Amino acid sequence: MAAPLLSARLPTNTITTPASIRSTPSTSFLSFPSTATPAARRRCRGPLLASSAAAPPAPAPAAQPFRALPPSETTVLVTGATGYIGRYVVRELLRRGHRVLAVARARSGIRGRNSPEDVIADLAPAQVVFSDVTDPAVLLADLSAHGPVHAAVCCLASRGGGVQDSWRVDYRATLHTLQAARGLGASHFVLLSAICVQKPLLEFQRAKLKFEEELAAEAARDPAFTYSIVRPTAFFKSLGGQVDIVKKGQPYVMFGDGKLCACKPISEEDLAAFIADCIYDEDKINQVLPIGGPGKALTPLEQGEMLFRLVGREPKFIKVPIQIMDGVIWVLDGLAKLFPGLEDAAEFGKIGRYYASESMLVLDPETGEYSDEKTPSYGKDTLEQFFERVIREGMAGQELGEQTIF
């Protein structure tokens with residue numbers, strides 16, 4: 001049973017963006033030609049919003065009202081469909097009876113290990129379209145034969161959080177999804193964002209916030225268009241990296257005293273169900289929706305103690321001073337000024353520092369503190385159940401890939 005949702009205003013943070021992003025004009029999203037010849041693709045490669053120098057675009061389909069329709073008569077576009085959460089979103093939408101149009105890369109999964117045949121089998125019976133979300137003209141051309149769509153869900157996220165990759169994926173590719181969805185008639189857009197954007201110190205957070213602003217602007221421009229911004233707390237897999245070492249009797253590694261931060265982790269199935277709820281639930285329209293899993297918030301110390309109890313071992317911890325990370329970041333920042341190729345290494349250090357010290361909970365604007373009580377809970381899957389399963393079966397299907405810290 002879902003707890004009452006905490007609605008929030010869209011962020012008003014001043015966002016520092018790269019010059020190439022800041023100079024982008026704020027114009028209508030419906031700016032693509034209905035067909036994409038090679039010349040058209042060359043024209044549209046690069047700028048976020050297509051130039052009007054070419055022939056005027058064909059009229060876009062009217063927005064598709066759908067909330068009075070049964071799921072079987074609605075089509076939902078999903079980008080990021082092969083990602084950690086996207087796969088579960090596709091399955092949940094299919095389970096509820098929606099028609100799903102899933103966008104994927106030709107080689108997907110961690111380090112591109114999944115073939116097109118693997119993707120089609122994994123997402124069946126969804127209609128899979130292989131395309132490039134970083135190229136707006138190609139994306140719309142590949143999707144144009146499969147419209148109209150009624151709603152869209154964007155589960156895209158940069159793989160590692162590098163500076164350029166964050167703006168390429170968390171902003172540009174996500175914006176391309178919105179442009180394509182609107183071009184195909186979508187009247188509702190669900191964005192998978194992150195709760196940490198409420199305190200934006202990292203590049204991927206600024207990129208996500210920039211898109212959230214674009215999304216709200218589109219809804220303000222067209223009253224027939226609505227959105228839901230979902231900001232989940234930690235995912236189970238991000239907390240499972242030390243299960244195997246604890247099973248082997250090795251110490252659990254944490255920063256400081258293990259109480260610097262806390263989170264209310266949510267399972268992929270529960271998060272996918274919440275995202276699917278956003279398609280029809282009118283109380284989630286034009287809302288920012290922070291969401292966590294069931295139960296109280298847990299610190300790294302409590303997570304470690306839980307793991308040792310489940311494996312039947314005496315707790316052993318390695319406590320890493322957080323100041324070590326500050327020193328590493330200071331060095332990398334200095335080197336990045338001399339060697340631009342180290343820019344991402346410095347950013348990765350900042351990401352590690354952020355997650356080691358900032359809670360994945362709602363930041364109470366009145367107190368300036370993170371609040372367990374004000375972070376809504378949803379679903380039934382608990383972190384303890386996840387740990388028990390990983391202890392028995394391992395992390396198959398939960399691989400951390402490029403997101404590994406420990």
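The model shown is predicted, which means the values in this text are computed figures rather than measured ones.
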In Å and rounded to the nearest 0.5 Å, what is the [atom1] to [atom2] distance from [X] to [Y]?
{"X": "T382", "Y": "L298", "atom1": "OG1", "atom2": "CG", "value": "9.5 Å"}
{"X": "L332", "Y": "E343", "atom1": "CG", "atom2": "CD", "value": "12.0 Å"}
{"X": "L178", "Y": "R182", "atom1": "CG", "atom2": "CZ", "value": "7.0 Å"}
{"X": "H146", "Y": "T75", "atom1": "NE2", "atom2": "OG1", "value": "11.5 Å"}
{"X": "Y171", "Y": "H176", "atom1": "OH", "atom2": "NE2", "value": "8.5 Å"}
{"X": "C263", "Y": "F235", "atom1": "SG", "atom2": "CZ", "value": "11.5 Å"}

Any idea which heavy atoms bring [X] and [Y] closest together, and the distance?
{"X": "T174", "Y": "C154", "answer": "CG2-SG, 3.5 Å"}
{"X": "I279", "Y": "A151", "answer": "CD1-CB, 4.1 Å"}
{"X": "A104", "Y": "V119", "answer": "CB-CG1, 3.9 Å"}
{"X": "E366", "Y": "D364", "answer": "N-OD1, 2.9 Å"}
{"X": "P300", "Y": "Y252", "answer": "O-CE2, 3.5 Å"}
{"X": "S228", "Y": "L289", "answer": "CB-CD1, 4.2 Å"}

Could you tell me whether a side-chain N or O of [X] sits under 3.5 Å from a main-chain N or O of [Y], the two making a donor and an acceptor?
{"X": "S166", "Y": "G161", "answer": "yes"}
{"X": "R87", "Y": "R91", "answer": "no"}
{"X": "T299", "Y": "C261", "answer": "no"}
{"X": "Y354", "Y": "C196", "answer": "yes"}
{"X": "S72", "Y": "G97", "answer": "no"}
{"X": "Q242", "Y": "V253", "answer": "yes"}
{"X": "D270", "Y": "K380", "answer": "yes"}
{"X": "Q198", "Y": "I195", "answer": "yes"}
{"X": "Q205", "Y": "L202", "answer": "yes"}
{"X": "E218", "Y": "L215", "answer": "no"}

Side-chain H-bond candidate by donor/acceptor type, [X] with [Y], under 3.5 Å:
{"X": "S187", "Y": "H150", "result": "no"}
{"X": "S193", "Y": "E212", "result": "yes"}
{"X": "S131", "Y": "D142", "result": "yes"}
{"X": "D118", "Y": "S115", "result": "yes"}
{"X": "D165", "Y": "S158", "result": "no"}

Six-ring centre of F386, R389 cation under 6.0 angstrom, axis tolerance 45°: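 Output no; distance or angle outside limits.
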
Indicate yes or no: does [X] engage [Y] in a salt bridge with an N to O separation below 4.0 Å.
{"X": "R309", "Y": "E384", "result": "yes"}
{"X": "R67", "Y": "D281", "result": "no"}
{"X": "K319", "Y": "D257", "result": "no"}
{"X": "D326", "Y": "K350", "result": "no"}
{"X": "D170", "Y": "R206", "result": "no"}
{"X": "K248", "Y": "D244", "result": "yes"}
{"X": "K296", "Y": "D372", "result": "no"}

CA sep, side-chain torsions, deciding dist, call: R105, D132, salt bridge (Lys or Arg N to Asp or Glu O under 4.0 Å): CA-CA 6 Å; R105 292 168 296 147; D132 181 1; over 6 Å; no

Decide yes or no for [X] and [Y]: does some side-chain heavy atom of the first lie under 4.5 Å from some side-chain heavy atom of the second?
{"X": "R231", "Y": "I291", "value": "no"}
{"X": "E269", "Y": "E92", "value": "no"}
{"X": "I85", "Y": "I275", "value": "yes"}
{"X": "I324", "Y": "P321", "value": "yes"}
{"X": "L156", "Y": "R172", "value": "no"}
{"X": "T177", "Y": "F189", "value": "yes"}
{"X": "V78", "Y": "L101", "value": "no"}
{"X": "T74", "Y": "R99", "value": "no"}

Stepwise side-chain contact (heavy atoms from CB on, under 4.5 Å) test for Y227 and I229: CA-CA 7 Å; Y227 64 86; I229 297 173; 3.8 Å; yes

Derivation and outcome, side-chain contact (heavy atoms from CB on, under 4.5 Å), residues Y370 and V362: CA-CA 6 Å; Y370 291 106; V362 167; over 6 Å; no

For [Y] together with [X], are the ring centres under 6.0 Å from each other?
{"X": "H98", "Y": "Y280", "value": "yes"}
{"X": "F317", "Y": "F308", "value": "yes"}
{"X": "Y378", "Y": "F274", "value": "yes"}

Evaluation steps, side-chain contact (heavy atoms from CB on, under 4.5 Å), between N114 and T82: CA-CA 9 Å; N114 297 330; T82 58; 5.9 Å; no

Which residues share a salt bridge (Lys or Arg N to Asp or Glu O under 4.0 Å) with R313, sequence neighbours left out: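 Partners of R313 under the salt bridge (Lys or Arg N to Asp or Glu O under 4.0 Å) test: none.
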
Verdict with supporting geometry, D277 and R96, side-chain contact (heavy atoms from CB on, under 4.5 Å): CA-CA 10 Å; D277 288 348; R96 297 187 183 198; 2.8 Å; yes

